[in-house]
There are 2 protein chains.
Amino acid sequence: MTTPGTPAESLGIGQVADRTGLSVHALRFYEREGLLVGPVRRTSGGRRRYTAADVDWLGICVRLRESGMPLAELKRFAGLVREGPGNEPERLRLLDAHQRRVEEQIRALEECRSVIARKVGIYAEHVARGEAVGLWDPTAAAGGRPV
Amino acid sequence: MTTPGTPAESLGIGQVADRTGLSVHALRFYEREGLLVGPVRRTSGGRRRYTAADVDWLGICVRLRESGMPLAELKRFAGLVREGPGNEPERLRLLDAHQRRVEEQIRALEECRSVIARKVGIYAEHVARGEAVGLWDPTAAAGGRPV
DNA sequence: CTAGGAGCTGGAGCGCGGTCCAGATCAAGT
DNA sequence: ACTTGATCTGGACCGCGCTCCAGCTCCTAG
């Protein structure tokens with residue numbers, strides 16, 4: 001698809017920031033921290049030029065981060081990829097473990113949601129009743145928890 | 001031992017820590033930060049005694065925190081509850097807004113999960129069939145499959 | 001009575017994940 | 001040439017949410 005070494009296909013840091021949702025600060029930070037698979041190419045003037053592959057990788061980084069992977073682990077993953085073929089089982093273990101954590105997170109969030117939804121329901125009812133009656137009556141304990 | 005022979009209706013900070021999953025440090029911190037609805041009762045010796053209502057409230061705090069509510073907002077909520085009846089609509093708005101954020105989080109996580117699951121699938125396939133074959137060369141990134 | 005563990009306070013410190021600043025350089029438009 | 005804006009580097013700094021420390025007190029078990 002892309003002719004190797006074609007500079008026209010590369011993006012500046014600002015454009016990459018736009019596309020990935022990361023700030024330019026974060027992009028430089030990630031690079032410094034070794035979260036990228038390869039070194040970012042530079043123009044003669046020293047500006048970063050990101051390839052499509054760089055952007056793809058950053059997209060993955062964003063997903064992994066969004067789902068709670070710590071930078072340290074992301075760094076480990078980047079390291080494995082950087083090493084090249086041979087460690088796929090390890091990459092798989094890492095991703096798979098993360099996936100399980102994500103599933104657990106979703107489960108936990110759903111539980112939170114249902115707890116909150118119940119509270120919302122209670123308040124909605126109180127509010128509806130209060131507005132129907134006019135004002136809430138502080139003396140009415142209403143037989144429920146105030147929370 | 002671990003369990004002081006204390007009256008049933010109130011709990012020491014350690015017991016509350018056990019029941020809520022918060023550390024004793026966190027419990028004292030939350031109190032200092034005004035995240036509790038009322039002041040915690042004390043023994044004559046100055047030790048905290050938590051009521052069931054305190055523990056209930058802390059349970060809610062834990063859920064809200066787990067689902068990403070910042071302490072500042074939790075504090076605001078605590079403040080509203082502390083004020084007593086009259087501000088239910090505001091409490092409702094707060095909880096409802098949070099609930100929506102939680103739902104958005106779940107959505108985002110599910111998207112991440114599916115992206116990750118796809119990667120896991122790819123790696124699983126590679127690992128299953130590729131132990132003997134050279135898989136993918138990171139240096140030949142141009143035009144190659146993304147990681 | 002004594003020992004040892006749980007709890008107290010105020011305040012310092014920490015890990016994470018960036019964010020921001022200063023001061024310089026590069027690149028593009030007019 | 002000049003201006004404007006994007007980008008560069010190294011390092012300082014920040015917000016959040018706790019966590020830990022020192023030094024002391026309380027309280028119960030043996």
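The chains referred to below are lettered A, B, ... by the order of the sequence lines, with proteins before strands, and numbering in each begins at 1. What you see is a predicted model, and the numbers here were worked out from it, not measured in a lab.
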Closest to the 5' end of DNA chain C, once Ile13(B) and Ala72(A) are matched to their nearest nucleotides, is Ile13(B)
**Prompt:** Shortest non-hydrogen contact from Leu11(B) to Gln15(B)?
**Reply:**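 Nearest pair, atom of Leu11(B) first, then Gln15(B): CA-OE1, 3.5 Å.
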Tell me the interatomic distance from [X], atom [atom1], to [N], atom [atom2], rounded to whole angstroms.
| X | N | atom1 | atom2 | answer |
| --- | --- | --- | --- | --- |
| Arg49(A) | dC8(D) | CZ | C1' | 14 Å |
| Leu74(A) | dC16(C) | CG | C1' | 14 Å |
| Leu27(B) | dT19(D) | CG | C1' | 13 Å |
| Glu33(B) | dT19(D) | CD | P | 14 Å |
| Arg48(B) | dC8(C) | CZ | C1' | 7 Å |
| Glu73(B) | dC16(D) | CD | C1' | 15 Å |
| Glu31(B) | dT19(D) | CD | P | 17 Å |

The contact string for nucleotides 18-30 of chain C, one letter per nucleotide 5' to 3', using protein heavy atoms under 4.0 Å with B, S and - for base, sugar-phosphate only and none, comes out as BBB----BBS---
For the backbone of Gly34(A) and the side chain of Arg82(A), can you confirm whether one donor and one acceptor N or O come within less than 3.5 Å of each other? yes
| request: Output yes when a side-chain donor or acceptor of Glu88(B) lies under 3.5 Å from a complementary backbone atom of Gly86(B), and no otherwise. | output: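 Side chain of Glu88(B) to backbone of Gly86(B), a donor-acceptor pair under 3.5 Å: yes, one is there.
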Quiz item: So, are Arg101(A) and Glu73(A) salt-bridged, with charged N and O less than 4.0 Å apart?
Solution: yes
If you count the non-hydrogen atoms of other residues, nucleotides and ligands that lie under 6.0 Å from CZ in Arg42(A), is the total more than 12?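 Enclosed.
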Quick check: Tyr50(B) with Trp57(B) (ring centres under 6.0 Å apart)?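 No, ring centres 6.0 Å or more apart.
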